[in-house]
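Some notes on the structure that comes next.
Proteins get letters first, then strands, A, B, ... in listed order; numbering begins at 1 in each.
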Protein chains: 2
Amino acid sequence: MRQTTLRDVAELAGVSPRTVSNVVNGYARVTDATREKVERAIAQLGYRPNVLARNLATGRSGQIVVVVPYLDTPYFAELLQGIIPAARKLGYNVLVDQTDGDRDHEGELIGRGSRRFLFDGMIFSPLGLSQEDLSVRDPDLPLVVLGERSSDGTFDHVGIDDVAASTDAVSHLFSIGRRRIAAIGDQPYPTGEAAQLRTQGYRAAHALFGRPVDESLIISTARFNRADGATAMAALLDRADPPDAVFCYSDLVASGAIHAIHQRGLRVPEDVAIIGYDDIEDGRYSSPTISTIQPDKKAIAQMAVDRLVKRIASPSPVPGVELRAEHRLIARESTLGVATSS
Amino acid sequence: MRQTTLRDVAELAGVSPRTVSNVVNGYARVTDATREKVERAIAQLGYRPNVLARNLATGRSGQIVVVVPYLDTPYFAELLQGIIPAARKLGYNVLVDQTDGDRDHEGELIGRGSRRFLFDGMIFSPLGLSQEDLSVRDPDLPLVVLGERSSDGTFDHVGIDDVAASTDAVSHLFSIGRRRIAAIGDQPYPTGEAAQLRTQGYRAAHALFGRPVDESLIISTARFNRADGATAMAALLDRADPPDAVFCYSDLVASGAIHAIHQRGLRVPEDVAIIGYDDIEDGRYSSPTISTIQPDKKAIAQMAVDRLVKRIASPSPVPGVELRAEHRLIARESTLGVATSS
DNA sequence: ATAGTCCTTTGCAGCGCTGCAAAGCGCAAT
DNA sequence: ATTGCGCTTTGCAGCGCTGCAAAGGACTAT
């Protein structure tokens, strides 16, 4: 039992296969009479076009892949929820891949692998790959990079102004009267650009308020997750001079930090104020609700998809651009306390 | 500038294209000498196989699609994190799609659409589609269903024993001395099977402990999310006779409920004990940590992929089976209080 | 009546690969 | 030396569709 093909439909409708193709794709001008004949035949045979064959003939797959380090990180999950509908609206399916932040895996994906043919373009959130690594890649792959790397001119980059956002976050802590402010999430090594930009903002805010930076309050973590946040916070609380506020480099870190604080029987924000980063849904419901930096995720998703599709469509290389989405400071209970809660 | 093809490699290596194909795929027996020649040629030309062409020739795409209602629901994100590596290990790429629980969209996906050719099989977590709707589908599509529907014999179903798990959850609340136990998340309509099984467990536990069911304590919600959990809980607290414990049909609902309780200045579990369902990471870090039912997600992911791949590989229809993963009750602070915290 | 124009439909060739089965080849057994 | 066997390599045809450009047809203007 063979599958029904264009040819079968053509025969039944009494037209050429090419005409059936034109009807199916809404191509060219087809008279209503012909279209109707063809459509009737399609319905009668239960024909459906073979996308695989179309892909081969056109050389395009109609798929884009979104590569993130961790799918179970709410930030990425929320971002994906913006990307998928945006891409589908433009006729693309979305493939999702996660790399676990593994450098080799990430390198493979942007390299000249044979999977290349499976997608027309890639939206990529690197973690294990450094800025330099990003340049060693398949030059034919339309690429949009998310996060904190910057473009080398051959791909687009979409993100928010991390330094400014981090400065805002720490300034907020100063402005509610805190003086010993820690930072959790620094990554002082080549692939830690994201973290380093936030640390830069942390320093900038200190400068702004004329406060010296206590280097010992900048805590490094391997990842931006809850477990690392909790561990780092516990270490801070063990000190003789614990901080009275903490800037966490993600809401997950903040969530872990709050957990650690509660385990000591201390209170947020009375004993330690906490501000996070990303504005994941979690933070809007946790106890206390988490103050945070809210990147405009919908805008990021839309920009990334738009740029990528533009890049795919263009026959000549498109110069890479830097796109910045907006961000806002959202003050909640973890800095303002319950009374002033929004 | 054409892409390099098998033919080019064959020419350079001085063998037939078919032999190159054999080398590339590790097919058949090829002598070391030939293999080496071919591999050298491949390296020299930077050849990579065109997956699109292979797909057309073999009629398979090497992709499976995972369809979930919401990607930003941690439960699904965590599940996906199990599915993706399991599938990749078996040579399949994973496509992800989200339906927003929309009945039409879900129906289209399991129907005879042309996207069918893009994937060899589907792992599907239905929400908008009722049990009956599931039978109106492309019979050729290898399908594994997740969650709470049951198999009609043409597809596999992987889940946990929801009734037993729910009974466990509510029994736990009884066993810590609670007497007025509410349930949040019922969905008394055709597509609410998932919810209804949990309600069944809720009733079973009451029977087990010889307590009558107060129907007014069973609260329906449209979704299993934080917002609905908070709203429902707020309504319960507004009553003259609020419950002293709540069984929430997901951890997200529990998170929302706790949020509502805290907003009233009440405490968990002193005033109201809360138990959730799913064991998402969130619940392990929230304040208080959330008692829950822990389904064995890794097992579910693995079973689903294994069955699907078996189904794809089999030339004849495979009878559908019901697979049950284990579940465990995890008691945390939201029922036990801080002192006894694990 | 004839030529020119525009719109619809068609035919061809090929995208790059693999399934199938037969051809080729080297070696062992007789 | 001849036959037979088993492993390696090959050739053919075609997966189902679309790009391209030309053929066909209807209609208008002269």
- Ser21(B) side chain, from C-beta outward: closest of dT18(C), dG16(C), dG19(D): dT18(C)
- Looking only at dT18(C), dC17(D), dC17(C), the nucleotide nearest the Thr58(B) side chain is dT18(C)
- Message: Please classify the nucleic acid contact of Asn55(A) as base, sugar-phosphate, or nothing, using heavy-atom distances under 4.0 Å.
- Response: nothing
- Atom-pair distance (CG on Leu6(A); C1' on dG11(C)), nearest Å: 14 Å
- Presence of Thr19(B) side-chain N/O under 4.0 Å of dT9(D) phosphate oxygens OP1/OP2: no
- Write down the distance between CG (Asn50(B)) and P (dT18(C)), rounded to a whole number of angstrom. 10 Å
- Message: Taking any heavy-atom pair under 4.0 Å as a contact, classify Tyr47(A): base, sugar-phosphate, or nothing.
- Response: sugar-phosphate
- Short side-chain N/O contact from Asn25(B) to OP1 or OP2 of dT18(C), under 4.0 Å: yes
- Message: Tell me whether Asp97(A) is salt-bridged to Arg88(B), with the criterion being a basic N under 4.0 Å from an acidic carboxylate O.
- Response: yes
- Note on the structure: Comparing Ala57(A) with Gly14(B), nearest DNA chain D nucleotide closer to 5' gives the residue Gly14(B)
- Message: Let's see if you can work this out: which of dG16(C), dG16(D), dG11(D) has an atom nearest to the side-chain heavy atoms of Ser16(B)?
- Response: dG11(D)
- Note on the structure: Rounded to whole Å, the CG-P distance (Leu45(A) to dG16(D)) equals 14 Å
- Query: Given atom CZ of Arg116(B) and atom P of dG16(D), what is their separation to the nearest angstrom?
  - Reply: 14 Å
- Message: Please report the distance, rounded to the nearest Å, between CZ in Phe117(B) and C1' in dT18(D).
- Response: 16 Å
- Note on the structure: Regarding the side chain of Thr31(A), the nearest nucleotide among dG19(D), dT8(C), dT10(D) is dT8(C)
- Taking OP1 and OP2 of dG11(C), is either one under 4.0 Å from a side-chain nitrogen or oxygen of Arg18(A)? no
- Query: Do we see a donor-acceptor contact under 3.5 Å between the side chains of Ser61(A) and Asn55(A)?
  - Reply: no
- Query: Between Asp72(B) and Lys297(A), does at least one N-O distance fall below 4.0 Å, as a salt bridge requires?
  - Reply: no
- Item | Minimum-distance nucleotide to Leu56(B) side chain [options: dG16(C), dC17(D), dG19(D)] | dG16(C)
- Does the side chain of Tyr75(B) come within less than 4.5 Å of Val68(B)'s, by heavy atoms? no
- Query: Using a cut-off of 4.0 Å on non-hydrogen atoms, how would the nucleic acid contact of Val15(B) be classed: base, sugar-phosphate, or nothing?
  - Reply: sugar-phosphate
- Query: Does one side chain, of Asn50(A) or Arg54(A), offer a donor that lies under 3.5 Å from an acceptor on the other?
  - Reply: no
- Query: What is the distance from CZ of Arg60(A) to C1' of dG19(D), rounded to the nearest Å?
  - Reply: 14 Å
- Give Pro17(A) one of three labels, base, sugar-phosphate or nothing, depending on what nucleic acid heavy atoms sit under 4.0 Å from its own. nothing
- Query: Salt bridge check: are Asp138(A) and Arg48(B) linked by an N-O gap of less than 4.0 Å?
  - Reply: yes
- Task: Using heavy atoms to find the nearest nucleotide of DNA chain C for Arg7(A) and Thr4(B) separately, return the residue whose nucleotide is more 5′.
- Result: Arg7(A)
- Query: Tell me: CD of Glu11(B) to P of dC17(C), nearest whole Å?
  - Reply: 14 Å
- Task: Write down the distance between CG (Asn22(B)) and P (dC20(C)), rounded to a whole number of angstrom.
- Result: 13 Å
